[in-house]
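Following this message is one structure expressed as structure tokens.
Computed over heavy atoms, backbone and side chain alike; hydrogens, waters and symmetry mates excluded.
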Number of protein chains: 2
Amino acid sequence: MNLVTNPRRERVDAARNRVKILAAAADIVAAHGVEGLSMAEVAAAAGVGVGTLYRRFGDRSGLAYALIDEREREFQEAFIEGPPPLGPGAGVFARISAFLHALTDRTVEQLDLLLMAETAAPFARFGGAYDGYHAHLSMLVTQARPGADAYVLADALLAPLAAPLLAHRLRGCGVTVERVKAGLDDLLAGFAT
Amino acid sequence: MNLVTNPRRERVDAARNRVKILAAAADIVAAHGVEGLSMAEVAAAAGVGVGTLYRRFGDRSGLAYALIDEREREFQEAFIEGPPPLGPGAGVFARISAFLHALTDRTVEQLDLLLMAETAAPFARFGGAYDGYHAHLSMLVTQARPGADAYVLADALLAPLAAPLLAHRLRGCGVTVERVKAGLDDLLAGFAT
DNA sequence: CCCTTAAGCGGAATAAGTTCCGCTTAACCT
DNA sequence: AGGTTAAGCGGAACTTATTCCGCTTAAGGG
């Protein structure tokens, strides 16, 4: 069968390599931190050539995002179709707030990887998970503030969670995660005009 | 006299080299864009060794920030002690809005350099000009919203102007500078609760 | 004017990301 | 099963930022 010519299935050896690479990369990060994540080392640990890494993940930050995505898929599902207040069913403001708080936690959890990924390729986040966050938040903001430029406002709510800023404030300036969340809620409160 | 042991004056050859380097770097950017700004090329064009670049500017992004700062010093003066609405004399909200609009323009003007600088060293902006912006905005927000966490809110107002986000939206998504400014004003409007 | 010293200098050496290209082989068709 | 093809592979080569270190020289005191 299979008349629907799927976009060409991944070859089994390629799939095997992808798993080996991600496992090796995760091990290295666990053992030596993100700084230890060099392309040559990952390739060696996974038993493949560096060319294979690049074919599969594009570049260093692509690898980092792949590592991040593994953990993040369930979060995506949670805010799209999970239980409230993150998922549908709660009021708009509650959902926005819950979403921003959850994303803050997610970002803090993976701060080192995100930092590396955004530093190496600040655009990548925009092609990937960021777009999902932005689309979701746009939708909620549209409901919360009919007539406003939800597209731009969503960016404004997401921007304070950029990894470099967050890392700087949390690690170097004594700001706590709670203050960041409270600040976002404060910003949000203005929407209720 | 000079009893006040100034932090050791810059040697004249060093000063000469700094000027040569910045001039060469500016020329290269003008001619080949930011991508052409490689350390080796700048060194060659300035007639110095690469070691001199690093002694003087720390790293690639340090050089970019130096280039940016040359143009930005007058902006710093404008919002601290210039005429209203940017400088003192106007209402707080008007000043915040004027500041954000002006900073947007500044950022857009130097988008390429900022992009490179932040990519290479996302923290650097925080040690330098960013702190000045943040301190200023914090002060204004404190007046606008007594009792709020002005420190964190100032970050939230500044974050949407991060170069990578701005570049992405302006260049790849059809968002205009006006929409960005309007979005910031919209955010700000919430403060007037 | 000479001496001392530490800032400054140059450029080779190093390190890490990324590209390239000829070889291998899974997948599919007959 | 045998043939065809393009995805996938490996790793040497290349590019660029960054570090290192021995030499040079401006600055200032005697």
Side-chain angles (χ1 to χ4, degrees), chain A residues 1-22 24-25 28-29 32-66 116-124, chain B residues 1-22 24-25 28-29 32-66 116-124:
Chain A
M1 297 290 297
N2 202 2
L3 297 176
V4 230
T5 316
N6 31 13
R8 196 96 41 210
R9 194 168 38 201
E10 182 179 45
R11 257 166 61 165
V12 297
D13 53 347
R16 198 163 42 231
N17 278 336
R18 192 187 50 217
V19 172
K20 281 197 296 182
I21 291 168
L22 285 174
I28 287 176
V29 170
H32 309 295
V34 175
E35 321 81 60
L37 198 73
S38 84
M39 298 306 263
E41 272 197 55
V42 173
V48 303
V50 288
T52 303
L53 288 204
Y54 282 92
R55 157 167 299 274
R56 190 67 41 198
F57 300 102
D59 61 12
R60 189 168 132 89
S61 80
L63 179 57
Y65 281 119
M116 191 207 89
E118 290 184 24
T119 296
F123 295 102
Chain B
M1 294 294 302
N2 202 1
L3 296 176
V4 229
T5 315
N6 32 11
R8 193 104 32 218
R9 193 169 38 201
E10 180 179 49
R11 258 166 62 165
V12 297
D13 53 348
R16 197 163 41 229
N17 278 335
R18 193 187 50 218
V19 172
K20 282 197 296 181
I21 291 168
L22 285 175
I28 287 176
V29 169
H32 309 295
V34 174
E35 322 80 60
L37 198 73
S38 83
M39 298 305 264
E41 270 196 56
V42 173
V48 304
V50 288
T52 303
L53 288 203
Y54 281 92
R55 156 167 300 276
R56 189 68 39 199
F57 300 102
D59 61 10
R60 189 167 133 88
S61 79
L63 177 58
Y65 281 118
M116 192 206 87
E118 290 184 22
T119 295
F123 295 102

For this session: Would you kindly compare A:R16 and B:R56 by the position of their nearest DNA chain C nucleotide and give the one closer to the 5′ end?
Result: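 Nearer the 5' end of the strand: B:R56.
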Exercise. Rounded to whole angstroms, how far apart are NZ on B:K20 and C1' on C:dG10?
Worked result: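 Rounded to whole Å, this separation is 12 Å.
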Exercise. What integer distance in Å separates B:N17:CG from C:dA7:P?
Worked result: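 It is 17 Å, rounded to the nearest whole Å.
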For this session: Using whole Å, report how far OH of B:Y54 lies from P of D:dA17.
Result: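 Spelled out: OH on B:Y54 to P on D:dA17 is 6 Å.
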Problem set entry | Phosphate-side-chain proximity, B:R18 and C:dG8, N/O vs OP1/OP2 below 4.0 Å |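 Negative; the distance criterion is not met.
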For this session: Check every strand shown and say whether B:G58 touches a base, only sugar-phosphate, or nothing at a heavy-atom separation below 4.0 Å.
Result: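 Result for B:G58 = nothing.
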Problem set entry | Least distance between heavy atoms, B:A45 atom then B:I28 atom |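 Looks like CB-CD1, 4.1 Å.
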Exercise. Do B:R11 and C:dA7 share a donor-acceptor pair, side chain to base, under 3.5 Å?
Worked result: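 Between C:dA7 and B:R11, which were checked side chain against base, a qualifying N/O pair under 3.5 Å is present.
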Exercise. What is the distance, rounded to the nearest whole Å, between atom CG of B:L53 and atom P of C:dC9?
Worked result: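 Answer to the nearest Å: 10 Å.
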Problem set entry | Along DNA chain D (nearest heavy atom to each residue), the more 5'-positioned of B:V50 and A:V50 |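 Per heavy-atom nearest nucleotide, the more 5' residue is A:V50.
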Problem set entry | Nearest heavy-atom neighbours spanning B:M39 and B:L53 |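 It is O-CD1, 3.3 Å.
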For this session: Keeping the roles fixed (side chain from A:R60, backbone from A:M116), state whether a donor-acceptor pair exists under 3.5 Å.
Result: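 No; zero donor-acceptor contacts below 3.5 Å.
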Problem set entry | Which nucleotide in C:dG8, D:dG10, C:dG17 has an atom nearest any side-chain atom of A:V48 |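 Taking heavy atoms from C-beta onward, the closest nucleotide is D:dG10.
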Exercise. Rounded to whole angstroms, how far apart are CZ on B:R55 and P on D:dC23?
Worked result: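 So the two atoms are 17 Å apart, to the nearest Å.
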Exercise. Once you round it to whole Å, what is the distance between P of D:dT16 and CE of A:M39?
Worked result: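 Roughly 18 Å, once rounded to whole Å.
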Exercise. Looking at A:T52, A:L63, A:V42, which one forms a side-chain contact (heavy atoms from CB on, under 4.5 Å) with A:F57?
Worked result: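 By the side-chain contact (heavy atoms from CB on, under 4.5 Å) criterion, A:F57 pairs with just one of A:T52, A:L63, A:V42: A:L63.
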Problem set entry | Between C:dT18 (P) and A:D59 (CG): distance, integer Å |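 Rounded to whole Å, this separation is 5 Å.
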For this session: Considering just the side-chain nitrogens and oxygens of B:T52, establish if one lies under 4.0 Å of OP1 or OP2 belonging to C:dG10.
Result: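 For C:dG10, OP1 or OP2 has a side-chain N or O of B:T52 closer than 4.0 Å.
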Exercise. How close do A:V50 and A:A40 get, heavy atom to heavy atom, and via which atoms?
Worked result: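 Between these two residues, the closest heavy atoms are CG1-CA, 3.9 Å.
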Problem set entry | Atom-pair distance (CG on B:D13; C1' on D:dC23), nearest Å |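 It works out to 14 Å between those atoms.
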